[in-house]
Amino acid sequence: MSVPYSTDDAGHPAPSDGLSQSVGPNGPLLLQDHFLIQKMAHFNRERVPERVVHAKGGGAFGEMEITEDVSRYTSADLFQKGRKTPLLLRFSTVAGELGSADSARDPRGFALKFYTEHGNYDIVGNNTPIFFIRDPSKFSDFIHSQKRRADNQLRDNNMQWDFWTLNPESAHQVSFLMTDRGTPKTWRHMNGYGSHTFLWYNAEGEKFWVKYHFKTDQGAENLDADKAKALEAADPDAHRRDLWESIKKGDFPSWTVKVQIMPFDDAVNYRFNPFDLTKVWPHGDYPEITIGKFTLNRNPSNYFAEIEQAAFEPSNLVPGIGGSPDKMLQGRLFSYPDTHRYRIGPNYLQLPVNQPKVATRSYNLDGPMTYSNNADPVYAPNTAGGAVSANELYEGEGYHVSGEMVRSAYELHKEDDDFGQARTLWEKVLTDTERTSMVGNIVGHASAPEVTDDMKKRVVEYWTNVHPDLGVGVAKGLGVQA
Ligand code: NDP
């Protein structure tokens, strides 16, 4: 029903949208004017804290369709052949604040929420298949080094290189960042990756490890450093605008959904630790299998309600899919829901964008902004006919773990090191042109005035470990002895 007049938030017809109540036309205002008070008080509360990471973003709704039968690998409802599942996809940069520029050099968040028949399934990925670190105890330090100094609140490239060079496991991800993939042309022109290794199990309880790859059907395209820099000034919202405009005119972007599947027992002796987030599984070992496609076809109608308050969490897992011993994933399983409870409130899952499309029946109750109508009984178990759990749906989820309680790095598999896969990228994947732009991007970044001479030497050493030719190129650009 269309409303014939404007109202306050309680539905009362507004007496005026522009005149407050006063004692005579020139007199003081009245505290009893609750229309004015509500307007001012609500305005003061318009923001929730911005995300500490991935603050600047945009997103849209769409649908995934599965075209292949992968029921032998997973019983998950959303991955059954022919299934169409509604979804939300949010893109973002990582380090910049809410008003920062979309084309900055940074990884991009690629966070998916699937509204499945068994509740929401979130894949909170990036536009790179790997990450800077492999232990969550380093995460806040890493992010601090990418954001602002304590004293002058400036970003500081010296601090960034300090962290990266002291944490050589970052080399693979920093390599990606310093190619032109660090500045994608638009969100539509980049791939997404689930990055972590996840568990899939089928109806018989057989288990597999899986990695997700979402390949852009628009073609992967990037900006060179000059174009990206120019766009920062010309249109800081360029990527948000591009997505909005293309969906608005009916040009719906899509991604092909691929997976790599590893038989459960392969993980023990695979040449790389398959749970190490700084590594990929080479395609030659575990080929990508196409299983479907998703398309974005609907813009949000209210950005704040549907994108800013969207809460993605890798802990949103559904029957047929589980976590893995990836330590970064284990950390995120806790930290994502924790940040939503703080940022939005304990009932963030009751907001329409986060609410599953299936009926819920949990025994959690009350708290600020409750509007679920959970009725009696309010406890489990009960003899009052309350809903009961579905343990049988999770029967394949468990696997054997044992060991001493330690604080230790991962045990190395035979080809594990910090630089090998970055070297392969440099040697076997990048073209000559891409190598040249990677060197230029590194040199540009490490030439910032705050980067000290000592740090420049460490930067050269870091890249020499990836490949001597790369080290020579960076040394030359920085004017440092290789
Ligand atoms: P392949 O030759 O089979 O695959 C290389 C992959 O690199 C491509 O399929 C493409 O993946 C990706 N790629 C292409 N151009 C670039 C670029 N300019 N910057 C970054 N990535 C690019 O090799 P392997 O699977 O044996 O992997 C070799 C190296 O490729 C790895 O060490 C890793 O650095 C990189 N890589 C590997 C991926 C994997 O999951 N195996 C994924 C991405 C990169 P895509 O289509 O996903 O873009």
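As the structure lists them, so they are numbered: ligands from 1, and atoms in each ligand from 1. These numbers come from the heavy atoms of this one structure, side chains and all, not from hydrogens, waters or symmetry mates.
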Problem - Side-chain donor or acceptor of Lys211 paired with backbone N/O of Ser195 under 3.5 Å - result: yes
Handout entry: SB check Glu232 Lys229 (cutoff 4.0 Å)
Key = yes
Exercise for the section: Using a strict 4.0 Å threshold on nitrogen-to-oxygen distance, state whether Asp418 and Arg134 make a salt bridge. Expected result: yes
Practice task
List in chain and number order the residues that pass side chain to side chain contact (heavy atoms under 4.5 Å, CB included) with Ser175, two or more places apart in sequence or in another chain; answer none if no residue qualifies.
Solution key: Ala422, Leu425, Met438, Trp463
Extract all N/O-N/O pairs under 3.5 Å that connect ligand 1 to the protein, and present each with both atom names and the distance rounded to 0.1 Å.
from     : atom 1 : to     : atom 2 : distance (Å)
ligand 1 : 3 (O)  : His283 : ND1    : 3.0
ligand 1 : 4 (O)  : His283 : ND1    : 3.2
ligand 1 : 13 (N) : Arg181 : NH2    : 3.4
ligand 1 : 18 (N) : Glu434 : OE2    : 3.1
ligand 1 : 19 (N) : Arg181 : NE     : 3.4
ligand 1 : 25 (O) : His283 : N      : 2.7
ligand 1 : 25 (O) : His283 : ND1    : 3.2
ligand 1 : 32 (O) : Gln421 : O      : 3.0
ligand 1 : 34 (O) : His172 : NE2    : 2.7
ligand 1 : 40 (O) : His283 : NE2    : 3.4
ligand 1 : 41 (N) : Trp281 : O      : 3.1
ligand 1 : 41 (N) : His283 : NE2    : 3.2
ligand 1 : 46 (O) : Lys215 : NZ     : 2.9
ligand 1 : 47 (O) : Tyr193 : OH     : 2.5
ligand 1 : 47 (O) : Lys215 : NZ     : 3.4
ligand 1 : 48 (O) : Arg181 : NH1    : 2.9
ligand 1 : 48 (O) : Arg181 : NH2    : 2.9
ligand 1 : 48 (O) : Asn191 : ND2    : 3.0
ligand 1 : 48 (O) : Tyr193 : OH     : 3.1

Problem - Pair Asp242 + Lys185: basic N to acidic O under 4.0 Å - result: no
Problem - SB check Arg435 Asp432 (cutoff 4.0 Å) - result: yes
